[in-house]
Structures are given as structure tokens and as C-alpha cells.
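Here is the structure we will look at.
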Amino acid sequence: MPDKPINLQTIAKMAHVSKVTVSNVVNGKYDKASKETIERIQKIIEVTGYRPSATARSLSMKQSRIIGVVIPYLYANESFSGRPYNAHMLGHLERYIRNQGYYMMPRCVMQSFDALPDFATWNVDGAFVLDLVAEDALRLQDKLNIPAVFIDTYTNYAPLATVCIDDYKGGYLAGKYLLDKGHRRIAFVSPTLTEHSGVMQERYRGFCDALRERGAAFAPEQHIVTESVLYDQGVEAGKQIAASNLKFTAVAAMADVLAFGVMDGLRQGGKQVPDDVSVVGFDDLPECQYTYPQLTSVSQHLEEKAQCAGEYLFSMLRDGNAVTGSRKVDVDLIERQSVKAIEAPAADEKGPSEKQ
């Protein structure tokens, strides 16, 4: 083996071929050389332990095989792991990207535009963008020169490629399930609807429609508004529900992390789940199986959602076309232990929205 650093020129001299031929073999362009030449070059690479420069390879192929994943609206002191939904989506996306022979580059930012310099520096081939409001998504799309799929962005604007779930159906299922279990005094826990346009609004609309179908129109005091979907916010909501004179018998929390906090807050307020108050979450994170009691939750089918987004993006990469439109993943309610059936209340015990 030579003493000098191994590079394409060294491999070429050892194989008695041109540097261009070695480059073609390294980059998988096997139609440019004979079978014997390919085998000879690959054997030399194996013996010498040569590893091509990722940067040089990216420049030569005009591809980096890197897919960016943008997680927006995170402050400098925040971590994406503080929001388990993001962590699980990253896990599913990474596996899909890896199985395509690409690499994932996650980028946590406050403003989505902050990711653009990194995308340019690393010659990123495509991007997934999580949970971006429509206005920001439209502005970011105008700046991007690579294929991108926006996950959980609600818009009818044609130039965007979006993947979301049937959030309306998810809210409807949560409401219908609790009603079927006899509950009428139900609290709906979510962040401010105006600041979480699309996702939370659709869940709220579905939930209210389920109640209206049973003559249980939703009253404003039944909506417990939180600042975010973080655990501590759920704890405060749970305490508020436990102390409320509305005597809630059930809670529909629009994120599992909120539901985990609500269950803790209810316990701190002297209420037992589900004996005193039943709780339904939303997301069906794996952590639902580790709570006590195990949390009933609306499933987003996160793996299917990531696969749908992946197929969308890689079809653009393969075909070289900017595909647009919206794809929607179905939802289900996964029943566990956090909801208890009760007798429907008498007329004079109905919730605030049902009283005449």
C-alpha cells in the first residue's frame, strides 16, 4: 500500500485507468466501465480503505443525498425532544430517508427562513417542514429551490405540497366516543385556536359537531385554553378542571402531552382518572401505554404519515417535477383504560351547553 494519502489519482494509477473512470465507479456509474475494470477498482478501494469525500462527491454529482427536516418555532433554550410528537416524527422520517440511501439533517429554528443558509451550504436535495402556519409556508416555498413537503400545514394554495391527517375526524371521534360513554359535561383542552390555525381549528370543529349531533352544543366555558401543548400547561388545565363548579366528567385533550399533564393535574386536584374524570388524548404516542391508567387516544398513524410524506418528496426527487396538492392520512381512536362509561345525566344535571 502507498505511504501517501489515498485519493482518486492514487487509485487510478494502481488500477491503470484514468481518474475519470475511478470517479465513475465510485459514484455508481457502472455503464462507463467494463465489469473487469469495476471489480479491479473496487478491490483496490477495499484493500486501501479509501473513503471518498462527501463534499467532493456532492459537488461532482450535484447531489448531497441530504434531506433537511425543519422544526420551526423553537426558541434557543428549547429542544425538540421536549415535544414528543416532533421526536417521534423525526424518528419515522429518519428511517424512511435512510432506507432511500439518503441522510437526514434536522434543523430546529425559531423562524423557518433560518434554515435556508444551511440548506445552501450543504447542498440539501429536499426538505420536510413540520407544523408551519400557512403564511410562513408560502413565504418559505418562494425562497426554496428544492422539493419540499410541508407536514401539518393547512392551505389550499396550489404550489405547496402538504401532508396532514384528518384532524376534523379526530376531534369528532374524541367527542363521539365520550358521548357514547355517557359523558355530557366534557372539557375541551387545547392551545389558542387562532395561534394554531388549521390543526387545532379542525379538531375543535369536529369535536363541536359531534356534540351538536347529540344536542349538546358546546359552550365557551367548556374550552380550557392553554399557551402550548407542553406538559406543565396540561397540569394547570387539570387543576382548573378539578376545581371547576361545572363538575366535568370527561376531558378531550388535543395532544397526548397535554393529556398526560391533565391527568397529573386532576390527581393533584383530588380527582381520580377514570373513576372521577375520564380523559382522551390525541396523537397516540407510544408513551400512552406507559401512563397509569393507559391513555385512550386518537391515533395519527405517525409511521404512515411519515411514509406518505416520504413518498411524496422522493417522487419529486426521482421525477424532477414539483408535485403539489394535499394528501390526508386517516385517524382512529385507540381505546385503553382512561375512560369510564357513566349513565347519561338527568335533564337537570346536563352540561352548561344543554341547559335551556
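- In this model, a donor atom of one side chain and an acceptor atom of the other lie less than 3.5 Å apart for Q307 and E311.
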message: Run the side chain to side chain contact (heavy atoms under 4.5 Å, CB included) test on L317 and Q100 for me, step by step, so that the C-alpha distance in whole Å, both residues' side-chain angles and the decisive distance to 0.1 Å come before the verdict.
response: CA-CA 11 Å; L317 291 173; Q100 307 307 309; over 6 Å; no
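- Atom CG of D131 is separated from atom OH of Y154 by 10.5 Å, given to the nearest 0.5 angstrom.
- When side chains are defined from C-beta on, L285 counts as touching L302, because their heavy atoms get closer than 4.5 Å.
- The two residues V329 and C308 come nearest to each other via the heavy atoms CG2-CB, 4.3 Å.
- Using a cut-off of 4.0 Å between Lys/Arg side-chain N and Asp/Glu carboxylate O, D142 and R139 are scored as not salt-bridged.
- In this structure, a donor-acceptor pair under 3.5 Å is present between the side chains of T10 and N7.
- For the side chain to side chain donor-acceptor pair (under 3.5 Å) with S297, the lone residue among D283, D256, T291 that qualifies is D256.
- For F314, the ring pair (Phe, Tyr, Trp, His ring centres under 6.0 Å) criterion is met by Y96, Y102, not counting sequence neighbours.
- Counting heavy atoms from C-beta outward, V262 and V277 have side chains that stay 4.5 Å or more apart.
- The nearest pair of heavy atoms linking V298 to G170 is CG2-O, 3.6 Å.
- Open room surrounds OH on Y103; 12 or fewer heavy atoms of other groups in view lie less than 6.0 Å from it.
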task: Start with the C-alpha distance between V229 and Q233, add both sets of side-chain angles, then the distance that settles side chain to side chain contact (heavy atoms under 4.5 Å, CB included), and finish with yes or no.
output: CA-CA 7 Å; V229 295; Q233 294 291 313; over 6 Å; no
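- For F207, the ring pair (Phe, Tyr, Trp, His ring centres under 6.0 Å) partners two or more places apart in sequence, or in a different chain, are F188, F218.
- Minimum heavy-atom separation, M89 to K305: SD-CD, 4.4 Å.
- Pairing each heavy atom of T162 with each of Y312, the nearest pair is O-CE1, 3.6 Å.
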- request: Before giving the answer on side chain to side chain contact (heavy atoms under 4.5 Å, CB included), spell out for L230 and R83 the whole-Å C-alpha distance, their side-chain angles and the decisive distance to 0.1 Å.
  value: CA-CA 7 Å; L230 298 181; R83 303 182 186 186; 3.9 Å; yes
- request: Mind running side chain to side chain contact (heavy atoms under 4.5 Å, CB included) on S278 and K181 for me, showing each step along the way?
  value: CA-CA 10 Å; S278 295; K181 294 296 183 180; over 6 Å; no
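- Contact between L90 and V69 at its shortest, heavy atoms only, is CD2-CG1, 3.6 Å.
- Shown here are the ring pair (Phe, Tyr, Trp, His ring centres under 6.0 Å) partners of Y231, two or more places apart in sequence or in another chain: there are none.
- Smallest separation of non-hydrogen atoms from Q222 and I186: NE2-O, 2.9 Å.
- In this structure, the side chain of D125 engages the main chain of R65 through a donor-acceptor pair within 3.5 Å.
- Rounding to the nearest 0.5 angstrom, the gap separating the NE2 atom in H92 from the NE2 atom in H88 is 7.5 Å.
- Other residues, nucleotides and ligands place no more than 12 heavy atoms under 6.0 Å from the NZ atom of K176.
- If you take CG on L138 and CG on L132, they are separated by 9.0 Å, rounding to the nearest 0.5 Å.
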